[in-house]
Student: 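Structure incoming, see below.
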Amino acid sequence: MIKNKGANLIERFVFFFYLKEILVFNKKEFVRILVHFDIPEDELKKRVNQSDRNINIFRGDYSSFYEVLERQQKEACEEGVRDPEENEADYLFLVHDNEEVETVIKKIVQIRKG
């Protein structure tokens with residue numbers, strides 16, 4: 001009985017990756033674009049400290065954007081978050097500062113137009 005359960009889990013696992021690769025992210029049907037925001041930590045802290053956006057958008061018990069940033073940084077360390085690799089998408093764009101955002105948007109629009 002346990003052996004069948006394990007086989008069933010493996011079958012589901014394989015099927016999930018089949019769906020993910022073939023149906024959801026079919027390279028013939030979708031262009032995979034990844035934008036990685038690699039903003040220096042001091043710039044992030046400066047932005048969140050100066051933010052005047054309403055904190056009512058938070059899901060959770062946070063009183064500032066700085067608290068959200070701290071949580072995200074902590075979780076990233078605990079979960080082993082890593083930078084993206086070029087083979088993860090058809091196009092990989094790196095954004096290091098605000099000046100690069102508009103250029104990246106234009107490139108993505110151009111990709112879409114073909």
Side-chain angles (χ1 to χ4, degrees):
M1 199 68 125
I2 295 174
K3 186 177 181 183
N4 290 342
K5 262 189 166 176
N8 192 17
L9 288 174
I10 291 171
E11 288 171 6
R12 281 192 247 163
F13 183 77
V14 170
F15 182 69
F16 169 76
F17 279 98
Y18 171 79
L19 283 176
K20 179 181 172 192
E21 200 56 39
I22 302 302
L23 299 176
V24 179
F25 298 110
N26 188 334
K27 293 179 184 179
K28 294 177 185 176
E29 295 180 29
F30 296 97
V31 175
R32 298 169 304 153
I33 298 172
L34 182 59
V35 180
H36 177 65
F37 290 85
D38 189 18
I39 309 295
E41 186 174 337
D42 58 332
E43 178 66 24
L44 287 173
K45 289 180 178 180
K46 178 181 163 189
R47 287 183 190 183
V48 298
N49 283 329
Q50 294 175 349
S51 178
D52 59 356
R53 292 180 60 196
N54 192 324
I55 61 172
N56 289 339
I57 63 170
F58 295 151
R59 293 182 182 165
D61 189 26
Y62 303 106
S63 61
S64 70
F65 283 93
Y66 189 80
E67 286 181 20
V68 174
L69 177 62
E70 285 181 322
R71 178 193 52 89
Q72 290 173 340
Q73 290 175 327
K74 180 181 175 191
E75 287 176 359
C77 290
E78 291 172 356
E79 296 172 10
V81 174
R82 59 175 177 71
D83 288 343
E85 297 175 6
E86 287 189 39
N87 62 354
E88 288 186 63
D90 299 313
Y91 298 91
L92 171 61
F93 296 100
L94 301 176
V95 175
H96 297 97
D97 57 50
N98 282 346
E99 288 75 35
E100 296 174 330
V101 173
E102 190 64 33
T103 302
V104 169
I105 291 171
K106 288 178 182 178
K107 288 180 181 178
I108 293 171
V109 169
Q110 202 56 36
I111 291 168
R112 172 65 177 109
K113 289 180 180 179

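Keep in mind that the numbers below use all heavy atoms, side chains included, and drop hydrogens, waters and symmetry copies.
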Student: Please, which pairs that meet ring-ring contact (aromatic ring centres under 6.0 Å, His included) have at least one residue in residues 85-114, sequence neighbours excluded?
Tutor: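 Of all non-adjacent pairs touching residues 85-114, none passes ring-ring contact (aromatic ring centres under 6.0 Å, His included).
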Student: Can you pull out every salt bridge (Lys or Arg N to Asp or Glu O under 4.0 Å) where at least one residue sits in residues 49-73? Sequence neighbours excluded, please.
Tutor: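 Residue pairs passing salt bridge (Lys or Arg N to Asp or Glu O under 4.0 Å), neighbours aside: R71-E75.
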Student: In chain order, what residues pass the side-chain contact (heavy atoms from CB on, under 4.5 Å) check against E41, with sequence neighbours excluded?
Tutor: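 In terms of side-chain contact (heavy atoms from CB on, under 4.5 Å), with neighbours along the sequence ignored, E41 is linked to K45, Q73.
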Student: Partners of A89 by side-chain contact (heavy atoms from CB on, under 4.5 Å), sequence neighbours excluded?
Tutor: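 Only R32, L34 meet the side-chain contact (heavy atoms from CB on, under 4.5 Å) criterion with A89.
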Student: Heavy-atom distance under 4.5 Å between the side chains of L44 and Q72, does that happen here?
Tutor: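 Side chain of L44 against side chain of Q72, heavy atoms only: no contact under 4.5 Å found.
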Student: Kindly write out the residues that satisfy side chain to side chain donor-acceptor pair (under 3.5 Å) with R82, not counting sequence neighbours, or none if the list is empty.
Tutor: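 For R82, the residues satisfying side chain to side chain donor-acceptor pair (under 3.5 Å) (neighbours in sequence not counted) are E88.
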Student: Among residues at least two apart in sequence or on other chains, which ones pass side-chain contact (heavy atoms from CB on, under 4.5 Å) with Q50?
Tutor: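 With neighbours one apart ignored, the set is K46.
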Student: Please lay out, stage by stage, how D38 and L94 fare under the test side-chain contact (heavy atoms from CB on, under 4.5 Å).
Tutor: CA-CA 7 Å; D38 189 18; L94 301 176; 5.6 Å; no
Student: If a pair satisfies ring-ring contact (aromatic ring centres under 6.0 Å, His included) and one of its residues is in residues 65-87, list it, with sequence neighbours excluded.
Tutor: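 Found F58-F65.
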Student: Could you pull out the closest heavy-atom pair between D97 and I39, with the gap in Å?
Tutor: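 For D97 versus I39, the nearest heavy atoms are N-CD1, 4.0 Å.
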Student: In terms of hydrophobic clusters joined by side-chain contacts under 4.5 Å, are I55 and L69 together?
Tutor: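 Yes, it is one cluster - the side chains of I55 and L69 are joined through contacts under 4.5 Å.
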Student: I'd like a table of donor-acceptor pairs (distance under 3.5 Å, sequence neighbours excluded) in which one partner is a side-chain atom from residues 103-114, with atom names and distances.
Tutor:
none

Student: Residues two or more places apart in sequence or in another chain: which of them pass side chain to side chain donor-acceptor pair (under 3.5 Å) with D42?
Tutor: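 D42: no side chain to side chain donor-acceptor pair (under 3.5 Å) contacts found.
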Student: Could you tell me whether the side chain of V95 reaches within less than 4.5 Å of the side chain of V35, counting heavy atoms only?
Tutor: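 Yes, side chains in contact.
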Student: Kindly write out the residues that satisfy side chain to side chain donor-acceptor pair (under 3.5 Å) with N54, not counting sequence neighbours, or none if the list is empty.
Tutor: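 N54: side chain to side chain donor-acceptor pair (under 3.5 Å) contacts with N56.
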